[in-house]
Structures are given as structure tokens and as C-alpha cells.
Amino acid sequence: MNETRARPLQRLANVLGVEPWLRLVRSPPPAIGRKSGELIHGLEDVPPPLIVLFQGFQHVSLVRIQLIYPALVIQLADLSTADSVNMLSLALIALGIASILQSLPRGPVGSRFLCPSCHTAIFLEPSIAALKLGGLPLVFGMTIVAGLIQAVLSPVLRRIRPLLPPEIGGLVVFFVGTSIAAIGCRYVMGVGAEQPVGRDYWLVGGLTLATTVALNVWGKGQARLLCAVIGISVGYIAAMLTGVLPGDAFNVLTGLPFFAVPHLAHGGWSFAPSMLVPFAVAAVAITLKGIGDITAIQRINDPEWVRAEMGSISGGALANGLANMSAGLVGTLGVTPSTASIGLQAATGVSSRVIGYAVGVILMVLAFLPSVTGSLILMPRPVMGASLLFSACFVLISGLQTITSRMLDARRTIVIGLAIASGIAAEIIPNWASDIPSALEPIVNSSIVLGTIALDASAADAPAQVDQFFHAAGRGWGARPDVMVRVAFGIKQAVETIRENCEPQGPVIVEAHFDEFNLDVKISYRGEPLELPEQRPSERAIMETETGYRQLAGFLLRRNADRVRTSVKDGANVLEFHFEH
């Protein structure tokens, strides 16, 4: 009965084009490997309440640094102090919603990881352009559009997975780490500060960074878990003692109430066709960044990680799209997963999903405390910079590990190397980087390749040819080294067995096809058929029959591959080996 009822629904889904959404709803939670030995509290763990609370505040401390982006738009909009704090409060509500959506343990929405969100520079330029064209209502309206684009893209990410190999996600994570590190360095060194900086300024930044690093490397127990918040606290104290944070800086908060309900009277929403392309490009960029971020979290939580789990990534993209729609509705800029928070998870060894709920609740509670919200903008620049530098270390390494987890040939090496060089140049020479055409996306490559090789059966170096072929092809495909070693070994054994026992007439032809998830190898030749029995031949058969040794070799070849098949086509014997990648 259930199956009969499901068929009309399935046909209706096909007609409406919503089948990808139904698959997301029906999909089970991702199969995450066992907890990494480096994690103290893993994804499914429930840490003690105080750990949850303090870890939540650590992530909030990193997230709030990125409030600099809506603060810049607020400054350009020339809002009053009360309206500025109200917009920051609304931003905190949007961030709280995003954090909770990402942490949902099941269903189509959410990455199912600890994945707090933050504001991002990716939406800054489009938002400034929209502000100049139509004011804040246009900024908020187009942010809703960007979120809608992300939500629409989320269910089709599975289909374009072969176009997004792991090195792409690794590159995005690496670029984000580079951006975080660049901002951190500027803040620590005082580049762009309103007043000239000196020894006290650098002392505050150095002391904050040194405290955080020392507790993370040599600290034990709670000290290591809370290294970031302790380092920030030490930085605040040092800033007040040295005068980097003047005592009268808190006077701006005296006119703000302790408790107030944020209001949505921000002028409404508007839309403009001319702003569709900038916000669509930003939405796609955020989606690609999200792929890299969630891939990095998967690596942190799964010591047996092999490839990105697309169900989690699709759910994360949908959650981020809904979060951006919420951000536009309440009246703030777009958001994205916080890469700095991902770095903090790697540093502290705490990635419990429960903390995501704590982060969301803390952010939304702060939204109702204007005086506390206003104090967010008082964090000293050297303290901000030191915190960002600390997180950037782990983000950069996570990106590099993802990139180098696959074999790279000369083409991929050049593409990745040029992409990294361009990203670094964009940070060093921002005016030059802004002139680079957006169409130049060299890091987006397809990993689907078809390779063919013909081996002369009489060639003495046929095994060496097989080895060289799969080594070169593996680098071109960006394949996993361990899989390619296994494939090369099995195919070499097959070629040698055919040459020695099947009396091949003419060349032994080896064809290989790779599509990121599967590696299929086909061997065709003319000669005696090579059996691939499921059962090992007996000792007697091996010793006393002419075909015994050949059957033993075929049995071992079958065990080496994940799936095998034999056939005859146009008079040639065909062996097909399937390897899961």
C-alpha cells in the first residue's frame, strides 16, 4: 500500500522537478567515522555544562570579530548610535539562527556539525554597491535573493560533485585561512589603525597570541580547552593596563539600556535587477567556501576521512541559504560558516554538536543586551588580530592537508600553485587583485578523465609501463595514492598472468576510467581465457593441473578488486575490474 501511494508522489516530484529535495529529506544522517583520537569531545559527545558554556563563548568571541563587516556598512549608512546597535543586535539574531540550523542532527537542513556562522567580506562589496544604489532596504532585499540562490543550489551539489574534487575545497579553505591570517597580521602590526601604534600596542598583541599558543601547546585540561577565551581575556587586561584600550572608551555605552528588544523598523526590503549578478556571484562563492569549510570539519571529526560527504555539504548549503534569507529578513548582511571557528575546533579538540546550540543561544541572548552588544566593537585591534592569527594556523594546515591528500600531476600542481600565488598576491596587492576578471577561476577543474594505454604483450617492461601509466594517470585524476598503488599492483599481476599463462596473440590493451567515486579498468586480449574464480582452487588442483596456477592467479586478482567481470567481445577476452575510490 505504501509503495502504491509513493508512486504518484514520485511522478509528481519528477514533474515538479523537486526530486533532489525529496532525496535530501529521505537521506539518512552521514556515516561519520569513529571519533578522532585528537578530539577530546567529539561530534556526538555531550560535554559538561561549563565546558559547553565556555566553549560557546570562545566561538562567539571569534564570530563577533567579523561584525566589522556590518559595522562598515552601518558607518557608510550614517546611522545613529541606537540604530547602529540595533542593527548589530539583529545581526546576532541572524548568526544565532544560522548556528542552530547548521547543528540540526537530521533532516535536509544543516551540516550536522558544530558549524557557527559569521559575517563575511564576500558580501561586503555587493552590499556597499546596493547601499549606494537603494539604501539599506536594497541591501536586505538582495541578501534574501542570495540566500534563495544558495537554497536552490543545495540539492544539486551531489550531481556536480565530480566537478568539485577535494583539492578545490582544500584551496578554498586555504584561501580563507590566508585571508584570516592577513587580517590578523594587519591588526597585530597596526596597519590601518586610526592612531600611530607603538610598543604597548605590539605588546598587547604579542601577549595575547603567546598566552593562547602556550595554553594550547603546553596546557592541560580546561586550560587547553579554553585557551582562546583566556588569551582574549589576558589581552583585554593588558590593553587596559597599557592604555591601548582607554578607560573612557566605555563611555559610549552609558546611554544604552541593559535590556531591549531589537526592532525590525529598518525601512523594509527592495530589489533591483542590476544587483542580481553581484549577489548571485557572492552566493556561488559562499557555496564553494561552504564546501571547503564543511569538508574541513569532516576531516577533523573523521580520522578515516577519504572524500567529502555530500549529504552533509548539501544540508549545510541549504542551512546557510536559509540563514541568509533570515539575515535579509531581520535586516543585516549575509553570513557564511566561520572558518576561524573550524580552526578553533582543531586547536581545542572540541567539536560537539551541542556547542552549536549553545553558540546560537548565546548570540540571541546578547541581541537583547544592547550595552553588551555595543561592547563588542570595543575589542582592541591587537587582541582581535592575535585571535585571528591563532585560528588561521589551523585553517591553513587543514586546507593544505586536504590538497595534498590526493596525487597531483604537473597540470594540477601548476593550477593549484598559480591559484595559491594569486590568492597571496590578492592579499599583498589588493588593488591589483581587484582587477582580476571574475571569469578566471583556474582552480575549478573536472576530475573526470578517460585514459587508455596499449601494452605490447612481448614487451619485457610491460609491468613498468603499467606502473608508469597509473602513476601518471593518478596524478592527473587527483586520485588517492593508496588506491592507485592497489590498482597498479593488481593490473600488473593481471598483465603478467596473461602473458605467462594465456598465450596472448597481439597486444594486451588496458583501459581505465575514473570519475572521483569509481575507478574502472578493462583489460582485453586475444588468447586463452583467464578465469576469475570466487573460490580458491585446491592444493591438488594447483599442483597437478595445467589450469590450477592460472585459477589461483585469477582468484587473487578477484580479491584485489572490489568487483570483477569477464566476457568475450569480438573474439577478445575482456576482464573488467572495479575499484571504489
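All heavy atoms count here, side chains included; hydrogens, waters and symmetry mates do not. This one's a predicted model, so the numbers in the text were calculated from it and none came from an experiment.
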**OP:** Before giving the answer on side-chain contact (heavy atoms from CB on, under 4.5 Å), spell out for Leu92 and Met364 the whole-Å C-alpha distance, their side-chain angles and the decisive distance to 0.1 Å.
**Re:** CA-CA 6 Å; Leu92 291 174; Met364 287 191 280; over 6 Å; no
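- Looking only at distances, no side-chain donor or acceptor of Asn86 sits under 3.5 Å from a matching main-chain atom of Pro262.
- Of the possible donor and acceptor atoms, one in the side chain of Tyr357 sits under 3.5 Å from a partner among the backbone N and O of Ser103.
- For Val109, the side-chain contact (heavy atoms from CB on, under 4.5 Å) partners at least two apart in sequence or on another chain are Leu101, Leu104, Leu318, Ala319, Leu322.
- A side-chain donor-acceptor contact under 3.5 Å links Ser154 to the backbone of Ala151.
- Rounding to the nearest 0.5 Å places CD of Gln55 at 5.0 Å from CD1 of Ile355.
- The two residues Met275 and Pro126 make their nearest non-hydrogen contact at CE-O, 3.5 Å.
- The CG atom of Leu148 lies 11.0 Å from the CG atom of Asn324; values are rounded to the nearest 0.5 Å.
- Partners of Phe279 by ring-ring contact (aromatic ring centres under 6.0 Å, His included), not counting sequence neighbours: none found.
- Between the side chain of Lys289 and the backbone N or O of Pro337, at least one donor-acceptor pair lies under 3.5 Å.
- Using a 4.5 Å cut-off on side-chain heavy atoms (C-beta onward), Leu333 and Val139 make contact.
- Atom-to-atom distance recorded for Leu53:CG and Gln58:CD is 11.0 Å, nearest 0.5 angstrom.
- Interatomic distance, CG of Leu153 versus CD1 of Ile286, reported as 12.5 Å (0.5 Å rounding).
- Judged by distance alone, the side chain of His59 and the main-chain N or O of Pro116 form no donor-acceptor pair under 3.5 Å.
- The backbone N or O of Leu95 lies less than 3.5 Å from no partner atom in the side chain of Ser99, so there is not a single donor-acceptor pair.
- Once rounded to the nearest 0.5 Å, the distance linking CG of Asn301 with CD of Glu309 reads 12.5 Å.
- For the pair Thr212/Ser387, no side-chain contact is recorded, criterion being any heavy-atom separation below 4.5 Å from C-beta on.
- Side-chain N or O atoms of Thr120 include none that pairs as donor or acceptor with a backbone N or O of Phe123 at under 3.5 Å.
- Within a 6.0 Å radius of CZ in Phe368, other residues, nucleotides and ligands contribute more than 12 heavy atoms.
- Within the model, atoms CD1 of Ile97 and OG of Ser326 stand 4.5 Å from one another, a figure rounded to the nearest 0.5 Å.
- At least one side-chain heavy atom of Arg486 sits less than 4.5 Å from a side-chain heavy atom of Phe579.
- Checking side-chain atoms of Asn320 against main-chain N and O of Gly316 turns up no donor-acceptor pair under 3.5 Å.
- In this model, no donor atom of one side chain and acceptor atom of the other lie less than 3.5 Å apart for Asp45 and Ser352.
- Closest heavy-atom contact between Ser111 and Ile294: CB-CD1, 3.8 Å.
- Ion pairing between a basic and an acidic side chain is recognised when a charged N comes within 4.0 Å of a carboxylate O; Arg563 and Asp520 show no such pairing.
- At distances below 3.5 Å, at least one donor-acceptor pair connects side-chain atoms of Ser270 with backbone N or O atoms of Leu138.
- Of all heavy-atom pairs spanning Gly231 and Thr211, the tightest one is CA-CG2, 4.1 Å.
- Side-chain atoms of Arg64 do not come within 3.5 Å of backbone N or O of Leu363 as any donor-acceptor pair.
- Inter-residue side-chain proximity for Ser312 and Gln298 is flagged as met; some heavy-atom pair is nearer than 4.5 Å.
- Counting only heavy atoms from C-beta outward, the side chains of Asp293 and Cys115 never approach each other to under 4.5 Å.
- Between Pro47 and His41, some side-chain heavy-atom pair lies under the 4.5 Å cut-off.
- Residues passing the ring-ring contact (aromatic ring centres under 6.0 Å, His included) test with Phe140, sequence neighbours excluded: His266.
- The shortest side-chain heavy-atom distance between Phe113 and Arg353 does not fall under the 4.5 Å cut-off.
- In this structure, the side chains of Arg299 and Ile342 stay at 4.5 Å or more apart for every pair of heavy atoms.
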**OP:** Begin from the C-alpha positions of Ile297 and Leu43 and carry the test side-chain contact (heavy atoms from CB on, under 4.5 Å) through to its verdict.
**Re:** CA-CA 10 Å; Ile297 302 177; Leu43 179 65; over 6 Å; no
